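Working notes for the structure below.
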There are 2 protein chains.
Amino acid sequence: MKRIINEVGDKLKANDYKLTTQRQQILEVLLESKDQHLSAEDIYTLVKKKAPDVGLATVYRTLELFLEHDIIHSVNFGDGRKRYEYGHSSSGHHHHHAICLNCGKIIEINEDLLEELEKQVGIDYNFTVTDHELKIYGYCGECNQNNK
Amino acid sequence: MKRIINEVGDKLKANDYKLTTQRQQILEVLLESKDQHLSAEDIYTLVKKKAPDVGLATVYRTLELFLEHDIIHSVNFGDGRKRYEYGHSSSGHHHHHAICLNCGKIIEINEDLLEELEKQVGIDYNFTVTDHELKIYGYCGECNQNNK
DNA sequence: ATCGATGCAAAGGGTTTGCAGGGTG
DNA sequence: CACCCTGCAAACCCTTTGCATCGAT
């Protein structure tokens, strides 16, 4: 984790931004909760445990900064708030989300069968694809079980 | 269009809801603007042309009602407001959206190469898929042109 | 000493809700 | 006349912004 923090620090410094204490703490929270899909408020609460004086505005401003520098990316599950995850979208990581309509659980999907579709879209619609986001809705195994 | 309106009316009546004048007008706006990705406010403005007395709350409540009855579905492009389209998601229609990061244009994608992925997810994650939503980000032909 | 970064509180934008009045069966 | 539906305004939630202060070069 230390390594990642340093990398982020360097990336920011390269663009004349600082990795301040608060920013580092926010980054730490994100790294400690990978694949948790935290909202800004979630992050705020977690950071407050380390640094009670942090402000919600700082969290928002930091997330914005991280987004601009491709340090994190955001996902929108349509529940009115954005979620944030460490890692940039263009890294080829490309994981998707399956959302259970019953319990709300979010499952990471690591298949990536979309290369072909991306290529096709580029050709058919003259569109240069830089990223994609796939959400799959349905019912998870547990909820299926319980509804039987 | 008349036919669709009647169908919707029947569907609502079957569940003890009425297709009131306002609801019908909202439905008409949605039918007249297919593939336009209207926000609630957009719809409100358009309905106001037909019926200046309509309230924004009614638009929201009607959209909610239509959503519950699978008459429309909503998409979230991450710009802070939901968009609404006539048609339910489980109809096999399944069109996707390509969003230009420069001009914001939204292009309908009608390919559907996701069946295979859906099947795989069902097997690998024990997840019953009912719907999916794909957003493709990048640059449209026009914006590519102009940036050269 | 400068200039970005922070915390607080207020403002903003989209959506929801409480309530009293209106319409329909 | 009962009950749903409506319009209005206020409330709500998440996010952004203004401003004075703080902190690191």
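Since this is a predicted model, take the numbers as computed values, not measurements. Each chain gets a letter, A, B and so on, in the order its sequence line appears, and its residues count up from 1.
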Before giving the answer on side chain to side chain contact (heavy atoms under 4.5 Å, CB included), spell out for B:L65 and B:L12 the whole-Å C-alpha distance, their side-chain angles and the decisive distance to 0.1 Å. CA-CA 9 Å; B:L65 182 75; B:L12 289 181; 4.1 Å; yes
Distance col, row A:Q24:CD vs A:T62:OG1, nearest 0.5 angstrom, shows 12.0 Å
A:C143 and A:N102: which non-hydrogen atoms are nearest, and at how many Å?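 For A:C143 and A:N102, the tightest heavy-atom pair comes out as SG-ND2, 3.1 Å.
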All heavy atoms of A:C140 vs all of A:I107, minimum pair found to be CB-CD1, 4.2 Å
Does the protein touch nucleotides 15-25 of chain D at the base, only the backbone, or not at all? Give it as B, S and - per nucleotide, heavy atoms under 4.0 Å. BBBB-------
For atom [atom1] of [X] and atom [atom2] of [N], their distance in whole Å:
X: B:D53; N: C:dG23; atom1: CG; atom2: P; result: 11 Å
X: A:D79; N: C:dT16; atom1: CG; atom2: P; result: 12 Å
X: A:N76; N: D:dC14; atom1: CG; atom2: C1'; result: 12 Å
X: A:K13; N: C:dG4; atom1: NZ; atom2: C1'; result: 15 Å
X: B:L63; N: C:dG14; atom1: CG; atom2: P; result: 15 Å
X: B:R83; N: C:dT15; atom1: CZ; atom2: C1'; result: 15 Å

Give the C-alpha distance, both sets of side-chain angles, the deciding distance and a yes or no for side chain to side chain contact (heavy atoms under 4.5 Å, CB included) between B:H96 and B:I136. CA-CA 8 Å; B:H96 307 306; B:I136 294 169; 5.5 Å; no
Using heavy-atom distances to pick each residue's nearest nucleotide on DNA chain C, tell me which of A:L65 and A:K48 is more 5'.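 Closest to the 5' end, via its nearest nucleotide, is A:L65.
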Enumerate, atom names and distances included, each donor-acceptor pair closer than 3.5 Å involving a side-chain atom of residues 36-48 of chain B, sequence neighbours excluded.
unit_1	atom_1	unit_2	atom_2	d
B:H37	NE2	B:E85	OE2	2.9
B:H37	NE2	B:H97	NE2	3.0
B:H37	NE2	B:E108	OE2	2.6
B:S39	OG	B:D42	N	3.1
B:S39	OG	B:D42	OD1	3.4
B:S39	OG	B:D42	OD2	3.0
B:D42	OD2	B:S39	N	2.9
B:T45	OG1	B:E41	O	2.9
B:K48	NZ	B:P52	O	2.6

Steps toward ring-ring contact (aromatic ring centres under 6.0 Å, His included) verdict (B:H69, B:Y17): CA-CA 10 Å; B:H69 290 82; B:Y17 289 101; 5.3 Å; yes
Does [N] have its OP1 or OP2 closer than 4.0 Å to a side-chain nitrogen or oxygen of [X]?
X: B:T58; N: D:dT6; value: no
X: A:T20; N: C:dT6; value: yes
X: B:Q22; N: D:dG7; value: yes

Tell me what B:D16 touches on the nucleic acid: a base, only sugar-phosphate, or nothing, going by heavy atoms under 4.0 Å. nothing
Quick check: on DNA chain D, is the nucleotide nearest B:Y44 upstream (toward 5') of the one nearest B:Y17, or the reverse? Name the residue that is more 5'. B:Y17
